[in-house]
Amino acid sequence: MKKLIAANWKMNFTMAEAREFVSHILQDAKNYPDILDKAEFLICAPSVYLSALSKFSKEGVMTIGGQDCSFHGKGAYTGEISAEMLRDVGCTHVIVGHSERREYHGEQNDLIAGKAQSAYKNGIKAIICVGESLKERDAHLHKEVVKRQLLESVPKEATAENTVISYEPVWAIGTGKTPSPKDAGEMHNFIRALITKHYSGGENMRILYGGSMNSENAKELLSTPNVDGGLIGGASLNVDKFFAVAKCA
Ligand code: 13P
């Protein structure tokens, strides 16, 4: 399975910077074609840029995704963006249940499952995020927390074709800290066992790692069993640093 090297730009970049970034990635991929045997790129951009960026999208090279979608199909939901709209502008993926949405917008597992179902209905892959806080890890509750988030936010109809899991320990996001390869491996193996048991095709579902991944730690993380790619925040804001992560794959 190719590693998925996914950028989560969060609320960053101007339109010009966003365009420059994606054309740069395509050029880099042309210059290092071997990379595409091992990795593919996904850029999860602010929604206002998606339409313009998806013109650069190339299956197997670089595709474009949203950072969130509505649970609703359509209607009077001011400010929301539906999965149908994301598909309409050329997105292949959408992140749902990111810890920043869980924390700052109070999103709960059932809402996240509804967003994933909305993505499925529209032929978009849901990248469903799970991960424990530092307090939960320190209290040795991390597996219990992740199991609950996973079973409650990943819908029954999830398959390897419509779903990607992203394990993002909250304490590693934007902090420069990462789990040791042993701890990351243990959690990814745990997630693999859970999804294999509960979802059809779970053995082939991608499990990304997210949280302070960069070109210094990516080699180790990406060679950990059951780490099928990365969801990258900070290091995705500089095209050379982001491409360097892909080189580690
Ligand atoms: P950082 O890479 O900045 O830690 O962010 C990770 C993240 O939140 C990816 O969704």
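Excluded from the calculations below are hydrogen atoms, water molecules and symmetry mates; all remaining heavy atoms, backbone and side chain alike, are included. Keep in mind it's a predicted model, so treat the numbers as computed, not measured.
- Under a 3.5 Å cut-off, the side chain of H98 and the backbone N or O of E100 do form a donor-acceptor pair.
- Between the side chain of R102 and the backbone N or O of C129 there is at least one donor-acceptor pair closer than 3.5 Å.
- Closest approach of N109 and R148 over heavy atoms only: ND2-O, 3.9 Å.
- Both Y209 and M205 belong to a common hydrophobic cluster when Ile, Leu, Val, Met, Phe, Trp and Tyr are linked at side-chain heavy-atom distances under 4.5 angstrom.
- The two atoms that bring L86 and I81 nearest to each other are CD2-CG2, 3.9 Å, heavy atoms only.
- Using a cutoff of 4.0 Å between basic side-chain nitrogens and carboxylate oxygens, K115 and E107 are scored as salt-bridged.
- Considering all non-hydrogen atoms of both residues, T224 and G185 come closest at CG2-CA, 3.4 Å.
- To the nearest 0.5 Å, atom SG of residue C91 and atom CD of residue Q67 are 10.0 Å apart.
- Here the side chain of T63 pairs no donor or acceptor atom with the backbone of E59 at under 3.5 angstrom.
- When the shell of 6.0 Å around CE of M11 is examined, it contains 12 or fewer heavy atoms from other residues, nucleotides or ligands.
- If you chain together hydrophobic residues whose side chains sit under 4.5 Å apart, L231 and V154 never meet in one group.
- Electrostatic pairing of R192 and E203 does not count as a salt bridge here, judged by no charged N lying under 4.0 Å from a carboxylate O.
- Contact detail for G65 and L50: the closest heavy-atom pair is O-CD2, 3.2 Å.
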(request) Evaluate side-chain contact (heavy atoms from CB on, under 4.5 Å) for K241 paired with N214, printing each intermediate quantity in order. (result) CA-CA 7 Å; K241 289 186 181 165; N214 58 40; over 6 Å; no

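- Salt bridge present: K143 and E186 bring a charged side-chain N and a carboxylate O closer than 4.0 Å.
- Ring centroids of Y77 and F71 are separated by 6.0 Å or more, keeping the two rings apart.
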(request) Check the pair K147, L194 against side-chain contact (heavy atoms from CB on, under 4.5 Å), reporting the backbone distance first and the verdict last. (result) CA-CA 8 Å; K147 178 176 180 181; L194 270 177; 3.9 Å; yes

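- Using a 4.5 Å heavy-atom cutoff, the side chains of N8 and I95 are in contact.
- Taking all atoms of both residues into account, the shortest heavy-atom contact from L208 to A6 is CD1-CB, 4.5 Å.
- Test V22, L4, I25 against F41 for side chain to side chain contact (heavy atoms under 4.5 Å, CB included) and you get one pass: I25.
- Residues M62 and L26 have side chains in contact (heavy-atom distance under 4.5 Å, counting atoms from C-beta outward).
- A distance of 9.0 Å separates NE2 in H24 from CG in N238, rounded to the nearest 0.5 Å.
- By the 4.5 Å heavy-atom criterion applied to side chains, H105 and D68 are not counted as neighbours.
- Checking each of I128, T163, N162 against P155 for a side chain to side chain contact (heavy atoms under 4.5 Å, CB included) leaves exactly one that passes, namely I128.
- Side-chain contact between F243 and I35 is present, with at least one heavy-atom pair separated by less than 4.5 Å.
- Evaluated for a ring-ring contact (aromatic ring centres under 6.0 Å, His included) with F21, the options Y49, F242, F56 yield exactly one hit, F242.
- Taking 4.5 Å as the limit, some side-chain heavy atom of R206 sits within range of a side-chain heavy atom of K2.
- Under the 4.5 Å side-chain heavy-atom criterion for Ile, Leu, Val, Met, Phe, Trp and Tyr, L53 and I124 are members of the same hydrophobic cluster.
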(request) Dump the intermediate steps for side-chain contact (heavy atoms from CB on, under 4.5 Å) on I127 and V96, then the final yes or no. (result) CA-CA 6 Å; I127 303 180; V96 296; over 6 Å; no

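- Relative to the ring axis of Y32, K247 places its NZ or CZ within 45° and under 6.0 Å from the centre.
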(message) Test side-chain contact (heavy atoms from CB on, under 4.5 Å) on L151 and Y199; report intermediate values, then the result.
(response) CA-CA 10 Å; L151 296 182; Y199 302 97; 4.0 Å; yes

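- The line from CZ of R87 to SG of C69 is 12.0 Å long, rounded to the nearest 0.5 Å.
- Smallest separation of non-hydrogen atoms from G73 and S82: O-CB, 3.3 Å.
- Looking only at distances, a side-chain donor or acceptor of N217 sits under 3.5 Å from a matching main-chain atom of S212.
- Listed for the H188 side chain is a donor-acceptor partner under 3.5 Å among the backbone atoms of N226.
- For the atom pair CE of M213 and OG of S236, the computed distance is 12.0 Å after rounding to the nearest 0.5 Å.
- Rounded to the nearest 0.5 Å, atoms CG (D240) and CG (D28) are 6.5 Å apart.
- Here the side chains of P169 and E132 are in contact, with some heavy-atom distance below 4.5 Å.
- Contact check for K3 versus K38: no side-chain heavy atoms found under the 4.5 Å cut-off.
- F13 and W9 have perpendicular rings, their planes meeting at more than 60° on a 0 to 90° scale where under 30° would count as parallel.
- Following chains of ILVMFWY side-chain contacts shorter than 4.5 Å, one can reach I207 starting from I112, so the two form part of one hydrophobic cluster.
- Side-chain contact between D228 and V164 is absent, with no heavy-atom pair separated by less than 4.5 Å.
- Note that CD of E80 is 9.5 Å distant from CE of M85, once rounded to the nearest 0.5 Å.
- Without hydrogens or angle criteria, S54 side chain to S57 main chain gives no donor-acceptor distance under 3.5 Å.
- Hydrophobic clustering (ILVMFWY, side-chain heavy atoms < 4.5 Å, transitive): I64 and I5 are in one cluster.
- Judged by distance alone, the side chains of S166 and E168 do bring a donor and an acceptor atom under 3.5 Å apart.
- Judged purely by atom type and a 3.5 angstrom limit, E144 has no side-chain atom pairing as donor or acceptor with the backbone of L141.
- Around atom CD of E17, more than 12 heavy atoms belonging to other residues, nucleotides or ligands sit under 6.0 Å away.
- Between the side chain of E157 and the backbone N or O of Q117, no donor-acceptor pair lies under 3.5 Å.
- Under a 4.0 Å N-O distance rule, the pair D183/R137 qualifies as a salt bridge.
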